[in-house]
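What's counted below: heavy atoms across the whole structure, side chains too, no hydrogens, waters or symmetry copies.
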Amino acid sequence: MTVARVLRLLQPLLFCYACTVQEQKPNYHKQLETLIKSLAGAPQKPRLLLHACCGPCSSAVIEYLATVFRITIFYYNPNIYPQAEYNRRLAELKKFVAEFPPAVQTAVSVVQTEYTPQDFFCATNACNELELQTEPERGERCRRCYAFRMKKAWDFANQNGFDFFTTTLSISPYKDAQKINAIGMNFAPTDCTRYVPADFKKRGGFLRSLQLSAEYGLYRQDYCGCIYSYKTAHPDEGTKSI
């Protein structure tokens with residue numbers, strides 16, 4: 001029997017297996033919808049710490065969550081390179097929050113942290129594991145980058161009495177929502193803080209972020225943030241001073 005014939009015979013089985021694997025993946029957007037329904041009509045909105053990387057990624061997420069949560073945005077992104085880019089993204093985020101009616105009406109605030117790029121290099125170890133510097137987005141370097149920023153947000157949420165915390169990262173089609181949520185779900189729930197599972201790109205979330213970015217003239221960067229993604233997006237340019 002030829003290899004081609006074997007593959008033809010196996011194709012239906014492989015298709016069924018792929019469908020089964022797909023079905024077994026957690027539906028994080030559905031989990032979010034269930035949580036939102038359970039909180040609707042509560043006498044007081046729970047407090048949510050929302051880790052965010054920029055204005056565009058925050059836009060549709062704020063619109064979606066502001067009716068249910070009292071949102072505080074946590075801007076901790078020492079991965080962003082260079083510092084001028086870090087400052088520009090922070091400024092755009094603050095500008096959007098000050099202008100966007102759902103954010104203004106629900107008093108969304110922004111907490112910013114110091115720019116400490118050494119945190120990124122320590123967390124990812126990309127300086128020593130050279131293969132991480134050139135791997136495509138969504139790989140191990142990115143997973144480590146998600147993890148240490150989310151851990152910082154979770155710690156802040158716990159220390160400051162937030163009911164929930166989550167991140168805007170999953171709104172991007174370039175981010176791995178399975179990895180992001182696996183990280184969040186691994187944080188042990190405390191007496192006060194729980195992780196909110198989400199895949200914000202679903203149900204038109206990413207498209208809505210594009211629409212809001214255009215409507216409010218938001219700066220949309222052409223690379224994820226770190227020095228390695230910058231080099232990938234701008235191969236003909238030299239690196240800049242951090």
Side-chain angles (χ1 to χ4, degrees), residues 25 27-33 35-36 48-69 71-77 79-82 84-106 108-110 112 136-139 142-143 145-146 149-150 153 165-181 183-184 196-226 228-235 237:
K25 286 185 177 180
N27 187 330
Y28 292 111
H29 187 76
K30 188 173 182 179
Q31 291 181 28
L32 173 60
E33 289 181 328
L35 174 62
I36 287 176
L48 170 73
L49 187 73
L50 177 63
H51 168 262
C53 55
C54 63
C57 287
S58 304
S59 59
V61 177
I62 293 173
E63 183 178 57
Y64 185 64
L65 298 180
T67 59
V68 180
F69 296 100
I71 300 173
T72 297
I73 294 175
F74 187 66
Y75 187 80
Y76 174 70
N77 302 289
N79 58 306
I80 296 176
Y81 163 89
E85 179 72 15
Y86 174 92
N87 292 336
R88 183 176 186 182
R89 296 188 193 188
L90 174 59
E92 283 290 290
L93 173 60
K94 288 182 173 180
K95 177 174 176 288
F96 176 74
V97 167
E99 295 177 351
F100 188 45
V104 175
Q105 293 163 8
T106 58
V108 173
S109 59
V110 178
Q112 66 185 82
E137 195 168 344
R138 299 167 67 99
C142 291
R143 188 199 66 78
C145 188
Y146 308 153
R149 287 184 289 160
M150 291 174 67
F165 99 99
T166 194
T167 177
T168 64
L169 290 171
S170 68
I171 200 168
S172 169
Y174 303 105
K175 302 290 186 295
D176 191 323
Q178 296 295 320
K179 290 180 180 177
I180 291 166
N181 283 286
I183 292 165
V196 176
D199 192 351
F200 290 116
K201 73 176 71 63
K202 300 293 187 180
R203 303 289 178 89
F206 177 64
L207 175 60
R208 182 57 179 157
S209 75
L210 296 178
Q211 293 169 340
L212 288 170
S213 295
E215 181 179 346
Y216 285 85
L218 296 179
Y219 160 66
R220 292 190 67 89
Q221 58 275 5
D222 62 356
Y223 66 104
C224 177
C226 76
Y228 308 115
S229 64
Y230 179 87
K231 289 179 178 179
T232 299
H234 305 94
E237 295 184 21

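The backbone N or O of Pro56 lies less than 3.5 Å from a partner atom in the side chain of Ser59, making a donor-acceptor pair. A donor-acceptor pair under 3.5 Å is absent between the side-chain atoms of Asn77 and the main chain of Ile80, judged by distance alone. Judged purely by atom type and a 3.5 angstrom limit, His29 has no side-chain atom pairing as donor or acceptor with the backbone of Arg203. Remark: the backbone N or O of Ala66 is not paired with any side-chain donor or acceptor of Thr106 at under 3.5 angstrom. When atom types are taken as modelled, the side chain of Asn181 and the backbone of Ala198 share a donor-acceptor pair closer than 3.5 angstrom.
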Exercise for review: Decide side-chain contact (heavy atoms from CB on, under 4.5 Å) for Lys175 and Lys201; before the verdict, give the C-alpha distance in whole Å, the side-chain angles of both, and the deciding distance to 0.1 Å.
Suggested key: CA-CA 10 Å; Lys175 302 290 186 295; Lys201 73 176 71 63; 5.7 Å; no
Exercise for review: Apply the test side-chain contact (heavy atoms from CB on, under 4.5 Å) to residues Thr168 and Leu50: give CA-CA distance (whole Å), side-chain angles for both, the deciding distance (0.1 Å), then the verdict.
Suggested key: CA-CA 7 Å; Thr168 64; Leu50 177 63; 3.7 Å; yes
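In this structure, Gln221 and Cys54 approach most closely via the heavy-atom pair NE2-SG, 3.4 Å. Residues Arg220 and Phe206 approach most closely at NH2-CE1, 3.8 Å, considering heavy atoms. Closest heavy-atom contact between Ala177 and Ser170: CB-CB, 4.2 Å. Contact record, Val104 with Val97: CG2-O, 3.6 Å, taken as the closest heavy-atom pair. For the residue pair Gln31 and Pro197, the shortest heavy atom distance occurs at OE1-CG, 3.5 Å. Scanning all heavy atoms of the two residues, the minimum distance from Gly217 to Glu92 falls at O-OE1, 4.0 Å.
Remark: Leu218 CG to Glu99 CD distance equals 8.5 Å, nearest 0.5 Å. One finds the SG atom of Cys224 at 4.5 Å from the CD atom of Glu137 (value rounded to the nearest 0.5 Å). The structure places CZ of Phe200 at 8.0 Å from OG1 of Thr167, a figure rounded to the nearest 0.5 Å. Taking OG of Ser58 as the start and CG of Leu212 as the end, the distance is 11.0 Å to the nearest 0.5 Å. Ser109 contributes atom OG, which lies 9.5 Å from atom CD1 of Ile71 (distance to the nearest 0.5 angstrom). From Ile36, atom CD1 reaches atom OG1 of Thr67 across 7.0 Å, with rounding to the nearest 0.5 Å.
Taking Phe96 as the reference, Phe100, Tyr216 meet the ring pair (Phe, Tyr, Trp, His ring centres under 6.0 Å) condition, with sequence neighbours excluded. In this structure, the ring pair (Phe, Tyr, Trp, His ring centres under 6.0 Å) partners of Tyr86, at least two apart in sequence or on a different chain, are Tyr75, Tyr115. Residues passing the salt bridge (Lys or Arg N to Asp or Glu O under 4.0 Å) test with Arg88: none are found, sequence neighbours excluded. Residues satisfying the salt bridge (Lys or Arg N to Asp or Glu O under 4.0 Å) criterion with Arg89, sequence neighbours excluded, are Glu85. Residues satisfying the salt bridge (Lys or Arg N to Asp or Glu O under 4.0 Å) criterion with Glu63, sequence neighbours excluded, are Arg208. Tyr219 meets the ring pair (Phe, Tyr, Trp, His ring centres under 6.0 Å) test with no other residue; sequence neighbours excluded.
Side-chain contact between Leu169 and Cys57: absent, with no pair of heavy atoms (C-beta onward) separated by less than 4.5 Å. Proximity of Cys142 to Arg138: side-chain heavy atoms (C-beta onward) are nowhere separated by under 4.5 Å. Between Thr166 and Leu48, the closest side-chain pair of non-hydrogen atoms falls below 4.5 Å. Between Leu65 and Val61, some side-chain heavy-atom pair lies under the 4.5 Å cut-off. Considering only heavy atoms from C-beta on, Ile180 comes within 4.5 Å of Met150 through its side chain. A heavy-atom distance below 4.5 Å is found between the side chains of Ile73 and Ile62. Residues Arg143 and Ile183 have side chains in contact (heavy-atom distance under 4.5 Å, counting atoms from C-beta outward).
Shown here is Lys179, whose NZ atom has more than 12 heavy atoms of other residues, nucleotides or ligands within 6.0 Å.
A distance below 6.0 Å separates the ring centres of His234 and Tyr223.
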